[in-house]
Amino acid sequence: MKEVIREKRIDELDYKRGFALLGIILVNILALLNIGIPEPNTLDASYQKFLYLFVEGRFFTIFSFLFGLGFYLFISRSFARGEKAYILFTRRLVILLILGVVHSMFHPGEALLFYAIIGIIILPFYKVNKKINLVISLVLLIVFAVLATKILLIIPLMLLGLVCGQYRVFENLVSKTKQIMLFTILTLAASVIGFYIQYQSIPSQPFINMIFMEADGTYDQASTFLRIGITIGPLLSAFYVGLLLLLLRFKVFQRLLTPLKYYGRMALTNYLGQTIFILIAGKLFITPQLSYIDTLLICITVYAIQLAFSMVWLQFFKMGPLEWIWRIITYWKVIPIRRG
């Protein structure tokens, strides 16, 4: 029997994309503006600890997972429409690769370049049995998490997103409230344990946001703290996702978080837009004098601008401007963008 592929947009995924974008900029801005180490016993020092306990490696993980899931949905829906899915998907990745190369000139270490390369790597897994994919993704996730290799974590995270697509995890979520609640409780318990372990290694003084290995193969306290953060990152990310899905079971939270949905629908436009706004801020302010709290205020300003823009834009258009261009080049034809 032919499998029926759902074409309707899954709103919960847009909420999660928007949520992930909120956290990503908080960390990216530090490197882009070359923010120095905060002074001890200050609000900046406390905020630095907060970032590396609750943000760094958490939202990036969600974003990577969602890219993998998005790749699966794109290919599946293309096949369902009788299109040349692999050709379209490959073209889509080439465009993403070009965007990533250009973006990396302004933002070294950005994610799109890696997503495009890894997208090619995981493409053959689309036809692999979902149980095999699940085992491979979980094993790689554990191995790379233990090794604290953040970049390599993208591979199992995107593959896990593909697996969740194969299992149709995010379809008919209304009927899966009990499963979501159990998942959230289990990931909360695991996150509390992981958080406690990381908190025990928290540096007494502000630190450089880089991992350094000593000559004898050991790590200093700050590096150990950062490595543990990478290791437990997927656990906290999973809890964040579960909690958000539970909140979205309630109409009041759906309405309250509606701006996130629009923000996530324009994820590509807003992700690249974040870099543009940060670089503009770097020109407007004397960056060596900017503090951690200053970066938070800049991020809040960017949130306000992008959230408002996304909500207004999508009242008149079907998708974001860069999403539209991406789709035109993918299908090699002009796609109507204005709402009827």
Engineer: For the side chain of Ser191 and the backbone of Leu235, is there at least one donor-acceptor N/O pair under 3.5 Å apart?
Structural biologist: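 Yes, because the side chain of Ser191 sits within donor-acceptor range (under 3.5 Å) of the backbone of Leu235.
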Engineer: Counting only heavy atoms not in Glu39, do more than 12 sit closer than 6.0 Å to its CD atom?
Structural biologist: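 Result for CD/Glu39: open.
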Engineer: When you look at Phe60 and Val27, which way does the side chain to side chain contact (heavy atoms under 4.5 Å, CB included) test go after all the steps?
Structural biologist: CA-CA 10 Å; Phe60 162 83; Val27 175; over 6 Å; no
Engineer: Do Val241 and Leu138 belong to the same hydrophobic cluster, where Ile, Leu, Val, Met, Phe, Trp and Tyr are linked whenever their side-chain heavy atoms lie under 4.5 Å apart, directly or via other members?
Structural biologist: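 In one cluster with Val241: Leu138, yes.
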Engineer: Between Leu226 and Ile208, which heavy-atom pair has the shortest distance, and what is it?
Structural biologist: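 So the minimum-distance heavy-atom pair works out to CD1-O, 3.9 Å.
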Engineer: State plainly whether one hydrophobic cluster holds both Phe183 and Ile180, where clusters connect Ile, Leu, Val, Met, Phe, Trp and Tyr through side-chain heavy atoms under 4.5 angstrom apart.
Structural biologist: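 Different hydrophobic clusters.
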Engineer: Hey, does Gln198 have a side-chain heavy atom less than 4.5 Å from the side chain of Leu53?
Structural biologist: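 Side-chain contact under 4.5 Å: yes.
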Engineer: Would you indicate whether the side-chain heavy atoms of Ile95 and Thr330 approach each other to under 4.5 Å?
Structural biologist: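 Thr330 vs Ile95: side chains touch.
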Engineer: Is the shortest side-chain heavy-atom distance between Leu152 and Leu147 below 4.5 Å?
Structural biologist: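 They are not in contact (no side-chain heavy atoms under 4.5 Å apart), so the answer is no.
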Engineer: When you measure from the side chain of Gln306 to the backbone N and O of Asn270, does any donor-acceptor pair fall under 3.5 Å?
Structural biologist: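 Judged by distance alone, yes, a pair lies under 3.5 Å.
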Engineer: Walk me through whether Leu112 and Leu268 qualify under side chain to side chain contact (heavy atoms under 4.5 Å, CB included).
Structural biologist: CA-CA 9 Å; Leu112 300 183; Leu268 180 63; 3.8 Å; yes
Engineer: Do the side chains of Phe225 and Met210 join up, straight or via other hydrophobic residues, at under 4.5 Å, putting them in one cluster?
Structural biologist: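 Different clusters: Phe225 never reaches Met210 through Ile, Leu, Val, Met, Phe, Trp or Tyr contacts under 4.5 Å.
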Engineer: Would you call the rings of Tyr126 and Tyr72 parallel, tilted or perpendicular, taking 30° and 60° as the class edges?
Structural biologist: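 Correct class here is tilted.
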Engineer: Check the surroundings of atom CG in Leu279: do more than 12 heavy atoms from other residues, nucleotides or ligands lie under 6.0 Å from it?
Structural biologist: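 Yes, enclosed.
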Engineer: Measure the acute angle between the ring planes of His107 and Tyr271, then classify it against the limits of 30° and 60° as parallel, tilted or perpendicular.
Structural biologist: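 Taking Tyr271 first and then His107, their aromatic rings sit tilted (interplane angle of 30° to 60°).
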Engineer: May I ask you to check whether over 12 heavy atoms, not counting those of Trp326, lie within 6.0 Å of atom CH2?
Structural biologist: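 Buried by this count: over 12 neighbours within 6.0 Å.
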Engineer: Does either side chain, that of Gln166 or that of Asn133, offer a donor lying less than 3.5 Å from an acceptor on the other one?
Structural biologist: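 Indeed, the side chains of Gln166 and Asn133 share at least one donor-acceptor pair under 3.5 Å.
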Engineer: Glu56 and Lys150: side chain to side chain contact (heavy atoms under 4.5 Å, CB included), yes or no, with the steps?
Structural biologist: CA-CA 11 Å; Glu56 164 61 7; Lys150 183 178 176 181; 2.8 Å; yes
Engineer: Linking I/L/V/M/F/W/Y whenever any side-chain heavy atoms sit under 4.5 Å apart, do Leu236 and Val146 land together?
Structural biologist: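 Each belongs to a different hydrophobic cluster.
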Engineer: Which atom pair, heavy atoms only, marks the closest approach of Leu69 to Cys164?
Structural biologist: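 Closest approach of Leu69 to Cys164, heavy atoms only: CD1-C, 4.2 Å.
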Engineer: Output the distance between atom CD1 (Ile118) and atom CD1 (Ile151), rounded to the nearest 0.5 Å.
Structural biologist: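 Those atoms lie 8.0 Å apart.
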Engineer: Indicate the atoms forming the closest heavy-atom contact of Ile122 with Ile155, along with that distance.
Structural biologist: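 Smallest interatomic distance, heavy atoms only, reads CG2-O, 4.5 Å.
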Engineer: Ignoring hydrogens and angles, tell me if any N or O in the side chain of Arg265 forms a donor-acceptor pair with the backbone of Lys318 under 3.5 Å.
Structural biologist: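 No, the answer is negative, given that no donor and acceptor are paired below the 3.5 Å cut-off.
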Engineer: Walk me through it: do Tyr86 and Ser78 pass the test side-chain hydrogen bond (donor to acceptor under 3.5 Å, both in side chains)?
Structural biologist: CA-CA 9 Å; Tyr86 289 135; Ser78 293; over 6 Å; no
Engineer: Output the distance between atom NZ (Lys130) and atom CD1 (Ile132), rounded to the nearest 0.5 Å.
Structural biologist: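 The NZ atom of Lys130 sits 12.5 Å away from the CD1 atom of Ile132.
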Engineer: Considering all heavy atoms of both residues, which atom of Tyr263 and which atom of Gly18 are nearest to each other, and what is their separation?
Structural biologist: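 It is CD2-O, 3.6 Å.
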Engineer: State whether the side chain of Thr231 and the backbone N or O of Ala145 hold a donor-acceptor pair below 3.5 Å, judged by distance alone.
Structural biologist: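 Checked: pair present.
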Engineer: Looking at CD1 of Ile136 and CG of Leu141, how far apart are the two atoms once the value is rounded to the nearest 0.5 Å?
Structural biologist: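 That separation rounds to 13.5 Å.
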Engineer: Do the rings of Phe67 and Phe63 sit parallel, tilted or perpendicular, given the 30° and 60° boundaries?
Structural biologist: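 Aromatic pair Phe67/Phe63 classed perpendicular.
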Engineer: In terms of the angle between their ring planes, are Tyr331 and Phe74 parallel, tilted or perpendicular, with boundaries placed at 30° and 60°?
Structural biologist: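 It falls in the tilted class, 30° to 60°.
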Engineer: Which heavy atom of Ser137 sits nearest to which heavy atom of Pro156, and what is that distance?
Structural biologist: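 Looking at all heavy atoms of both residues, the closest pair is O-CB, 3.3 Å.
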Engineer: On the ring face of Tyr240, is Arg58 found with NZ or CZ under 6.0 Å from the centre and within 45° of the axis?
Structural biologist: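 So Arg58 doesn't make the cation-pi contact.
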Engineer: So, for Ser237 and Thr61, which heavy atoms are closest and what is the spacing to 0.1 Å?
Structural biologist: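 The answer is OG-CB, 3.3 Å.
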Engineer: Side chains of Tyr15 and Gln254, heavy atoms from C-beta outward: is any pair under 4.5 Å?
Structural biologist: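 Touching, per the 4.5 Å side-chain cut-off.
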Engineer: Is Leu93 close to Leu123 at the side-chain level, that is, under 4.5 Å between some pair of heavy atoms?
Structural biologist: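 They are not in contact (no side-chain heavy atoms under 4.5 Å apart), so the answer is no.
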Engineer: Testing Lys261, Arg249, Arg17, Lys176 for salt bridge (Lys or Arg N to Asp or Glu O under 4.0 Å) with Glu12, which one passes?
Structural biologist: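 The option that passes is Arg249.
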Engineer: CG/Leu245 to NZ/Lys16 distance, rounded to the nearest 0.5 angstrom?
Structural biologist: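 One finds 5.0 Å between CG of Leu245 and NZ of Lys16.
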Engineer: When you measure from the side chain of Thr295 to the backbone N and O of Tyr292, does any donor-acceptor pair fall under 3.5 Å?
Structural biologist: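 Such a contact is found between Thr295 side chain and Tyr292 backbone.
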Engineer: What about Leu186 and Leu246, same hydrophobic cluster or not, with Ile/Leu/Val/Met/Phe/Trp/Tyr joined at side-chain heavy-atom distances under 4.5 Å?
Structural biologist: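 Different clusters: Leu186 never reaches Leu246 through Ile, Leu, Val, Met, Phe, Trp or Tyr contacts under 4.5 Å.
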Engineer: For Gln48 and Asn209: C-alpha separation, side-chain torsions, deciding distance, then whether side-chain hydrogen bond (donor to acceptor under 3.5 Å, both in side chains) applies.
Structural biologist: CA-CA 9 Å; Gln48 184 190 44; Asn209 309 325; 3.2 Å; yes
Engineer: Can you find a pair of side-chain heavy atoms, one from Phe285 and one from Asp294, that are under 4.5 Å apart?
Structural biologist: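 Side chain of Phe285 against side chain of Asp294, heavy atoms only: no contact under 4.5 Å found.
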Engineer: How many angstroms lie between atom CD1 of Ile120 and atom CG of Leu96, to the nearest 0.5 angstrom?
Structural biologist: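 With rounding to 0.5 Å, CD1 (Ile120) is 10.0 Å from CG (Leu96).
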Engineer: Does Lys127 count as lying over the ring of Phe79, i.e. NZ or CZ under 6.0 Å from the six-ring centre, within 45 degrees of the axis?
Structural biologist: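 Flagged: Lys127 positioned over aromatic ring of Phe79.
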Engineer: Going from CD1 on Ile35 to CG on Asp44, what distance comes out if it is rounded to the nearest 0.5 angstrom?
Structural biologist: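 Interatomic distance, Ile35 CD1 to Asp44 CG, rounded to 0.5 Å: 9.5 Å.
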Engineer: Considering only heavy atoms from C-beta outward, does the side chain of Gln274 approach that of Cys299 to under 4.5 Å?
Structural biologist: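 No, too far: nothing below the 4.5 Å cut-off.
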Engineer: Evaluate side chain to side chain contact (heavy atoms under 4.5 Å, CB included) for Trp313 paired with Thr269, printing each intermediate quantity in order.
Structural biologist: CA-CA 12 Å; Trp313 178 274; Thr269 296; over 6 Å; no
Engineer: Within the 4.5 Å heavy-atom criterion, are Phe65 and Leu160 side-chain neighbours or not?
Structural biologist: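 Side-chain contact under 4.5 Å: yes.
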Engineer: Verify the neighbour count for atom CZ of Phe250: are there more than 12 heavy atoms of other residues, nucleotides or ligands below 6.0 Å?
Structural biologist: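 No, not enclosed.
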Engineer: Give a yes or no on whether the backbone of Leu73 and the side-chain of Ser76 come within a donor-acceptor separation of less than 3.5 Å.
Structural biologist: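 Here the side-chain-to-backbone pair does not exist.
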Engineer: More than 12 non-hydrogen atoms from neighbouring residues, nucleotides or ligands closer than 6.0 Å to CG on Asn41, yes or no?
Structural biologist: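 For Asn41, atom CG is not crowded (no more than 12 foreign heavy atoms under 6.0 Å).
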